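We count residues from 1, following the sequence as given. Just so it is clear, the model here is predicted, and its values are computed rather than measured.
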Amino acid sequence: MKTNRAVRTPGGLSVRLDVRALTVVVLLLVAAVTASVVLIGTGDFPIPAADVLRTLVGEGDAGQEFIVTELRLPRVLVGLLVGASLGLGGALFQSISRNPLGSPDVLGLGQGATAGALTMIVLFSGTAGQVTLGALVGGLVTGFAIYALAWKRGVHGYRLVLVGIGVSAIVTAVNGYLLTKSDIVDAARAVVWMTGSLDGRDWDQVWPLLALCAVLVPLVLANSRGLRMMEMGDDVSYALGVRVERVRLLLMLSAVLLTASATAAAGPVGFVALTAPQLARRLTRSPGPNLVPAMVMGATLLVTADWVSQRTFGADQLPVGVVTGVLGGVYLLWLLVTERRAGRI
């Protein structure tokens, strides 16, 4: 059965359409919306899904309007945006490194953002806004350090992963030192942030994330052809007219910004960036980076994990980062065994 079709636009352009990938994206979008509606209705004051939908279109009563739009909708939107950002960032890093382990979790970007947040919490007793800024700066500095250390007539796959693992170990040690220097109040606050949680998120986290995604997602998709060519090797990409280092630097910067901003908004939510691109690739069975499927898969995974944590343990008992960490750890073990059996590691 053919999964690729050519679609001709009225202007005469011919576009290749992957039917299976499009179907997967649509189904994941339906799953994400369904999980979001159910999640909005979950809590100490349950709201049926039909009432949630009526409230979202402005037909709910005053109590439901407050609970949905002011308390629960921002949390769900942050979850969707964070999951999408991590999924897209993970797909970019895995494609650039040509390695399924080349995700922000493994490369140390989450740890770098954590170091920036801990610096603001422990050394300066910073406000929530300052902690967010510190996490963003920490992620950017870590990304720049990895790129600079991995550079040798270009940045290549395994060197990028190995440098990232080394930087991650160093930054993790720095984070441990910062925790030992903090008092008990700041240490407790830092540990809660480091777990990764959507609890208490409001519109102040939604708008910056939404604005950043509105800029970076079209930029990334506009360079997706160059990224696909780069998976065949730098020499082939140069021969096809791709400005390899320019595209690589631009996409790496975009991936770092997406990952750092997601970490700044929700803390270091583990393994979404690692698992979402691989699950999307297995569902679409399509070569290439699968950027849009990975992005939608990340959003679906995170809101589903948040719903699981609330339904199973209550809204304030188990942060979503714990759920994604457990599921991601199991997936990582499975991936390592699979790669070893295939002789790739």
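- Rounding to the nearest 0.5 Å gives a distance of 11.5 Å between CG of Leu71 and CD1 of Ile40.
- Atom CG of Leu178 sits about 12.0 Å away from atom CE of Met120, to the nearest 0.5 Å.
- Val185 belongs to a hydrophobic cluster with Ile184, counting contacts under 4.5 Å between side-chain heavy atoms of Ile, Leu, Val, Met, Phe, Trp and Tyr, direct or through other members.
- Of all heavy-atom pairs spanning Phe45 and Arg72, the tightest one is O-NH2, 2.9 Å.
- Rounded to the nearest 0.5 angstrom, Met194 CE and Ile121 CD1 are separated by 9.0 Å.
- Taking hydrophobic clusters as Ile, Leu, Val, Met, Phe, Trp and Tyr residues chained together by side-chain heavy-atom distances below 4.5 Å, Met252 shares a cluster with Leu212.
- The structure places CH2 of Trp307 at 15.0 Å from CG of Leu302, a figure rounded to the nearest 0.5 Å.
- A pairwise comparison of heavy atoms in Val303 and Ala35 identifies CG2-CB, 3.9 Å as the closest pair.
- Among the candidates Leu274, Val272, Thr324, Thr275, the single residue satisfying the side chain to side chain contact (heavy atoms under 4.5 Å, CB included) test with Asp105 is Leu274.
- For the pair Ala262 and Ser85, the tightest heavy-atom approach, listed with the atom from each and the gap, is CB-CB, 4.0 Å.
- Distance check: Leu258 CG to Leu109 CG gives 11.0 Å after rounding to the nearest 0.5 Å.
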If you look only at distance, which donor and acceptor atoms sit under 3.5 Å apart when one is on a side chain in residues 128-137 and the other is two or more places apart or in another chain?
{"unit_1": "Gln130", "atom_1": "OE1", "unit_2": "Thr127", "atom_2": "N", "d": "2.9"}
{"unit_1": "Thr132", "atom_1": "OG1", "unit_2": "Ala128", "atom_2": "O", "d": "3.0"}

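- Between the Thr304 side chain and the Leu301 main chain, no donor and acceptor come within less than 3.5 Å of each other.
- Partner Arg75 forms a side chain to side chain contact (heavy atoms under 4.5 Å, CB included) with one of Leu198, Leu80, Leu39 and no other, that one being Leu198.
- Residues Val320 and Phe271 do not share a hydrophobic cluster, defined by chaining ILVMFWY side chains whose heavy atoms lie under 4.5 Å apart.
- Residues Val220 and Met297 are members of one and the same hydrophobic cluster, defined by side-chain heavy-atom contacts under 4.5 angstrom among Ile, Leu, Val, Met, Phe, Trp and Tyr.
- Checked against Ile47 for a side chain to side chain contact (heavy atoms under 4.5 Å, CB included), the options Val37, Ile67, Thr55 give a single hit: Ile67.
- Inter-residue side-chain proximity for Gln111 and Asn175 is flagged as met; some heavy-atom pair is nearer than 4.5 Å.
- Here the side chains of Val57 and Leu53 are not in contact, with every heavy-atom distance at 4.5 Å or above.
- Applying the side-chain hydrogen bond (donor to acceptor under 3.5 Å, both in side chains) test to pairs two or more places apart or on separate chains, none has a residue in residues 201-224.
- Contact between Arg20 and Leu283 at its shortest, heavy atoms only, is NE-O, 2.8 Å.
- Using a 4.5 Å cut-off on side-chain heavy atoms (C-beta onward), Leu250 and Leu219 make contact.
- Under a hydrophobic-cluster definition in which Ile, Leu, Val, Met, Phe, Trp and Tyr are linked whenever side-chain heavy atoms come within less than 4.5 Å, directly or via other members, Val163 and Val171 are assigned to the same cluster.
- Through ILVMFWY side-chain contacts below 4.5 Å, Tyr177 is grouped with nothing and stands alone.
- Taking every heavy atom of both residues into account, Ala265 and Val82 meet most closely at CB-CG2, 4.1 Å.
- Looking at every heavy atom in both residues, Leu118 comes nearest to Ala190 through CD2-CB, 3.2 Å.
- Here CG of Leu86 is found 6.0 Å from OG1 of Thr263. Values are rounded to the nearest 0.5 Å.
- Between Asp199 and Pro319 the shortest side-chain heavy-atom distance does not fall below 4.5 Å.
- Ser168 places no side-chain N or O within donor-acceptor distance of the main-chain N or O of Gly164, the cut-off being under 3.5 Å.
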Test side chain to side chain contact (heavy atoms under 4.5 Å, CB included) applied to Val167 and Leu107, step by step: CA-CA 7 Å; Val167 171; Leu107 298 181; over 6 Å; no
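- With a 4.5 Å cut-off on side-chain heavy atoms, Val256 and Tyr147 do not count as touching.
- Put simply, the side chain of Ile165 reaches to within 4.5 Å of the side chain of Val161, judged on heavy atoms.
- Listed by chain and residue number, Ala21, Val24, Ser286, Asn290, Pro293 satisfy the side-chain contact (heavy atoms from CB on, under 4.5 Å) test with Thr284 (two or more places apart in sequence, or in another chain).
- Cluster membership for Val25 and Leu88, using ILVMFWY side-chain heavy atoms within less than 4.5 angstrom, is shared.
- Under the side chain to side chain donor-acceptor pair (under 3.5 Å) criterion, Ser95 pairs with Glu231, sequence neighbours left out.
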